[in-house]
Amino acid sequence: QVQLVESGGGLVQAGGSLRLSCAFSGRGSSTMGWFRQAPGKEREFVASITYTDGSTDYAESVKGRITITGDRTQKTVNLQMNSLKPDDTAVYYCAARVVGGLSRRTGAYDYWGQGTQVTVSS
């Protein structure tokens with residue numbers, strides 16, 4: 001069993017920065033991801049990282065503004081978000097994929113955190 005706990009969300013003005021963290025416990029995972037869900041919209045992929053070789057993947061909408069990092073031994077994965085926009089407002093979820101590489105599909109991930117709210121004001 002894997003448990004994921006996100007932290008670091010909050011309210012920030014447009015152009016500001018936030019750092020989200022996810023701590024996980026239990027069995028190890030090969031790939032970690034961050035997703036987000038805005039009100040009335042489907043959950044969408046933000047970024048992922050695989051511990052196999054440190055490869056990362058980003059949604060086009062966040063490339064250049066968001067960086068995902070992870071530490072397998074510390075069992076953490078972080079999301080550094082810069083130059084935030086009101087469109088980034090959403091609940092952000094951390095997800096773990098036990099076996100497998102990078103993926104943008106929600107169905108590829110086995111475990112999910114409860115989410116942390118990020119609100120960007122204009």
Side-chain angles (χ1 to χ4, degrees):
Q1 191 72 10
V2 174
Q3 289 185 319
L4 306 172
V5 179
E6 302 99 334
S7 62
L11 173 65
V12 64
Q13 289 187 333
S17 299
L18 278 176
R19 182 178 175 84
L20 305 183
S21 295
C22 174
F24 60 95
S25 59
R27 64 182 300 184
S29 299
S30 66
T31 297
M32 302 295 294
W34 283 96
F35 292 74
R36 66 187 182 187
Q37 188 167 17
K41 295 187 177 181
E42 292 187 353
R43 192 168 298 188
E44 65 174 6
F45 168 77
V46 177
S48 63
I49 184 169
T50 179
Y51 289 125
T52 305
D53 59 8
S55 297
T56 57
D57 185 27
Y58 296 92
E60 288 299 318
S61 61
V62 305
K63 272 185 181 178
R65 301 188 297 118
I66 288 180
T67 303
I68 187 171
T69 56
D71 188 324
R72 197 174 208 174
T73 57
Q74 296 295 322
K75 292 190 173 182
T76 58
V77 60
N78 302 307
L79 197 68
Q80 178 65 44
M81 305 190 295
N82 302 322
S83 302
L84 284 164
K85 306 174 183 180
D87 283 348
D88 294 318
T89 295
V91 177
Y92 283 70
Y93 296 90
C94 175
R97 188 181 193 191
V98 176
V99 177
L102 299 173
S103 178
R104 298 185 175 193
R105 296 185 302 108
T106 56
Y109 292 82
D110 304 289
Y111 300 97
W112 293 82
Q114 293 299 307
T116 185
Q117 177 70 47
V118 171
T119 303
V120 184
S121 62
S122 57

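Sequence positions, counted from 1, serve as the residue numbers for this chain. Keep in mind that what you see is a predicted model, and the values were worked out from it rather than measured.
- Rounding to the nearest 0.5 Å gives a distance of 9.5 Å between NZ of Lys63 and OG1 of Thr56.
- The nearest pair of heavy atoms linking Ile49 to Gly54 is CG1-O, 4.2 Å.
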Tell me which donor-acceptor pairs under 3.5 Å the side chains of residues 9-25 have, and how far apart each pair is, sequence neighbours excluded?
residue: Ser17; atom: OG; partner: Asn82; partner atom: OD1; Å: 2.9
residue: Ser21; atom: OG; partner: Asn78; partner atom: OD1; Å: 2.9

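- Contact annotation: the side chain of Glu42 never approaches that of Thr106 to less than 4.5 Å [non-hydrogen atoms, C-beta and beyond].
- Lys75 places a side-chain N or O within 3.5 Å of a backbone atom of Gly26 that can act as its donor or acceptor partner.
- Annotation for Gln3: atom CD does not count as buried by contact number, only 12 or fewer foreign heavy atoms lying within 6.0 Å.
- Panel note: side chain Arg97, backbone Ala108; a donor-acceptor pair is recorded below 3.5 Å.
- Across all non-hydrogen atoms, the minimal contact from Thr119 to Gln117 is OG1-NE2, 3.3 Å.
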Given the rule in the side-chain contact (heavy atoms from CB on, under 4.5 Å) test, do Arg36 and Val62 qualify, once you have shown the distances and angles that lead to the verdict?
CA-CA 12 Å; Arg36 66 187 182 187; Val62 305; 4.0 Å; yes
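- Closest approach of Gly100 and Ser30 over heavy atoms only: O-OG, 2.6 Å.
- At least one side-chain heavy atom of Cys94 sits less than 4.5 Å from a side-chain heavy atom of Val77.
- Listed by chain and number, the hydrophobic cluster partners of Tyr109 are Phe35, Phe45, Val91, Tyr93, Trp112, where partners are ILVMFWY side chains within reach of under 4.5 Å, directly or through others.
- Hydrophobic clustering (side-chain heavy atoms under 4.5 Å, transitive across Ile, Leu, Val, Met, Phe, Trp, Tyr) groups Met32 together with Val99.
- Using a 4.5 Å cut-off between side-chain heavy atoms of Ile, Leu, Val, Met, Phe, Trp and Tyr, with links allowed through other members, Leu4 and Tyr51 fall into the same hydrophobic cluster.
- Other residues, nucleotides and ligands place more than 12 heavy atoms under 6.0 Å from the CD atom of Glu44.
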Report the C-alpha distance between Gln80 and Thr69 in whole Å, list the side-chain angles of each, state the deciding distance to 0.1 Å, and finish with yes or no for side-chain contact (heavy atoms from CB on, under 4.5 Å).
CA-CA 8 Å; Gln80 178 65 44; Thr69 56; over 6 Å; no
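- In terms of modelled atom types and a separation under 3.5 Å, the side chain of Thr50 and the main chain of Ser55 share no donor-acceptor contact.
- Within a 6.0 Å radius of NZ in Lys41, no more than 12 heavy atoms belonging to other residues, nucleotides or ligands are found.
- Closest approach of Thr89 to Val120, counting heavy atoms only: OG1-N, 2.9 Å.
- Looking at Asp57, its side chain never comes within 3.5 Å of a backbone N or O of Leu102 through a donor-acceptor pair.
- When all heavy atoms of Asp88 and Arg65 are compared, the closest pair comes out as OD2-NH1, 2.8 Å.
- A side-chain donor-acceptor contact under 3.5 Å links Glu6 to the backbone of Gln114.
- No chain of hydrophobic side-chain contacts below 4.5 Å, direct or via other Ile, Leu, Val, Met, Phe, Trp or Tyr residues, connects Val118 to Val5.
- Counting all heavy atoms, side chain and backbone alike, Tyr58 lies closest to Ile68 at OH-N, 2.9 Å.
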